[in-house]
Amino acid sequence: MTSELWALAEGVEAAVHEIGAELAARRSTEPVTARTVEEAGARFAELDGPAVAGLRRRLTALRPQAGWAPEALDGSLPAEGEWWLCDATDGAVQYLLGHPHWAVTVTLVRDGAAVLAVVHAPELDRGRTYRAVLGGGAELDGRPIAPLERATAVTVAATSQPPRVAEDPVALRRAGESLSAMAGAVLAVRNLGPTALQVAQVGSGHLALFWEYGMDAGNLLPGALIAGEAGAAVTDATGAAWTAGSDSFLVAAPGLHAEALGVLRTVR
């Protein structure tokens, strides 16, 4: 199965490169001017809509039997069959503001588990591409990756929030409390854009750890497969196995994971 998935990953990578190049060419490097959420949404739809259609067309050609899972998963993955989970413009805010931290992400779910993931950042360092298959390791730009161990004092941690975190008061409170706790334990805390990309960056050692509160499986899933296959520890904030239904997330280099859990256990 691994060789079959790597062969498929080659085709997926070609597809996301094409879509990423089209998106990069269509937008300005100047921030999109919008006075309301509705205006910003309409402008984004003009850019994202054709990209979604193009990505679906390319992936259908690669895997006609696979269905389409919604980006906003309800806490579970389809239990049977193959399903694509895609985000043509992951990091919509950064994309609209002219920042390079956005990505095209694709995950293949098979019988309830993510088995293939590609995360492509077209404008980050002239283009970076992460990919992984279940049981086959993970790569960045065609080279195997692994997380890097660091002393906590020089660790740069990253975090984010689910798109509708304001509707979840518990997750919102935990996000604030954990930020204060983590900021006192590491060198710096940053939010560097798309969730999937930041999680993947833990797998390559560009970040030491990433955590989040709230349900956000659609954004976490591709990066979780990449980081896990690279050798990072992937759990929820209590140390239990992370699933699509988990209400928290933590990924870290193995030697830092226990320390990060200790910090997050102060959050109630």
* Where the side chain of Asp111 meets the backbone of Glu80, is there a donor-acceptor pair that is under 3.5 Å apart? -> no
* Minimum heavy-atom distance Tyr130-Ala200, with the two atoms named -> CE2-O, 3.5 Å
* Should the ring pair His120 and His17 be called parallel, tilted or perpendicular, given that the plane angle runs from 0 to 90° and is split at 30 and 60? -> tilted
* To do: Applying side chain to side chain contact (heavy atoms under 4.5 Å, CB included), run through Leu47 and Leu96 and close with a yes or a no.
  => CA-CA 10 Å; Leu47 297 164; Leu96 291 175; 4.3 Å; yes
* **Non-hydrogen atoms of Ala88 and Val104 that approach each other most closely** => O-CG2, 3.3 Å
* Identify the two heavy atoms, one from Gly91 and one from Trp102, that lie closest to each other, and give their separation to 0.1 Å. => O-CB, 3.7 Å
* To do: Salt-bridge test for Glu4 and Arg63: reply yes if a basic N is under 4.0 Å from a carboxylate O, no otherwise.
  => yes
* To do: Measure across Thr159 and Trp211 and return the closest heavy-atom pair with its distance rounded to 0.1 Å.
  => OG1-O, 2.8 Å
* **Residues, nucleotides or ligands: over 12 heavy atoms within 6.0 Å of Arg164 CZ** => no
* **Worked verdict on Leu124 versus His101 for side chain to side chain contact (heavy atoms under 4.5 Å, CB included)** => CA-CA 6 Å; Leu124 188 63; His101 290 83; 3.7 Å; yes
* Without swapping roles, check the side chain of Asp141 against the backbone of Thr129 for a donor-acceptor pair under 3.5 Å. => yes
* Can you tell if the side chain of Thr155 reaches within under 4.5 Å of the side chain of Leu209, non-hydrogen atoms only? -> yes
* Asked: After noting the C-alpha distance and the side-chain angles of Tyr213 and Ser178, does the key distance pass the side-chain hydrogen bond (donor to acceptor under 3.5 Å, both in side chains) rule?
  -> CA-CA 9 Å; Tyr213 283 95; Ser178 64; 5.1 Å; no
* Carboxylate-amine/guanidinium contact Glu46 Arg43, below 4.0 Å -> yes
* Do Val234 and Leu250 sit in the same hydrophobic cluster, where Ile, Leu, Val, Met, Phe, Trp and Tyr count as joined when their side-chain heavy atoms come under 4.5 Å apart? -> no
* **Residue pair Leu85 / Ala69: nearest heavy atoms and the distance that separates them** => CD1-O, 4.1 Å
* To do: Give the cluster check for Leu221 versus Val202: same hydrophobic cluster or not, with ILVMFWY residues linked at side-chain heavy-atom distances below 4.5 Å.
  => yes
* Asked: Do Arg110 and Leu134 come close enough that some side-chain heavy atom pair is under 4.5 Å?
  -> no
* So do the side chains of Asn219 and Val199 get within less than 4.5 Å of each other, counting heavy atoms only? -> no
* **Heavy-atom neighbours of Gln65 CD exceed 12 at 6.0 Å** => yes
* State whether the side chain of Asp236 and the backbone N or O of Ala240 hold a donor-acceptor pair below 3.5 Å, judged by distance alone. => yes
* Check whether any side-chain N or O of Arg26 sits under 3.5 Å from a backbone N or O of Asp48 as a donor-acceptor pair, and report yes or no. => no
* Does the side chain to side chain contact (heavy atoms under 4.5 Å, CB included) test come out yes or no for Ser160 and Gln198, once each step is laid out? -> CA-CA 9 Å; Ser160 188; Gln198 294 186 90; 4.2 Å; yes
* Asked: Is it true that Val119 and Leu59 fall in one hydrophobic cluster, defined by side-chain heavy atoms closer than 4.5 Å?
  -> no
* Centre of Trp68's six-membered ring, under 6.0 Å away, within 45 degrees of the axis: is that where NZ or CZ of Arg56 sits? -> yes
* To do: Could you walk me through whether Trp83 and Leu108 pass the side chain to side chain contact (heavy atoms under 4.5 Å, CB included) test, one step at a time?
  => CA-CA 6 Å; Trp83 301 83; Leu108 180 66; 6.0 Å; no
* **Donor-acceptor contact present, side-chain Thr89 to main-chain Ala92, <3.5 Å** => no
* Under the 3.5 angstrom rule, does the side chain of Glu229 hit a backbone N or O of Gly135 as a donor-acceptor pair? -> yes
* Structure fact -> Heavy-atom nearest pair, Thr266 first then Ala181, reads OG1-CB, 3.8 Å
* Is there a path from Leu140 to Leu192 through hydrophobic residues (I, L, V, M, F, W, Y) whose side chains come within less than 4.5 Å of each other? -> no
* Identify whether Phe210 and Met182 are in the same connected component of the hydrophobic contact network (ILVMFWY, side-chain heavy atoms under 4.5 Å). => no
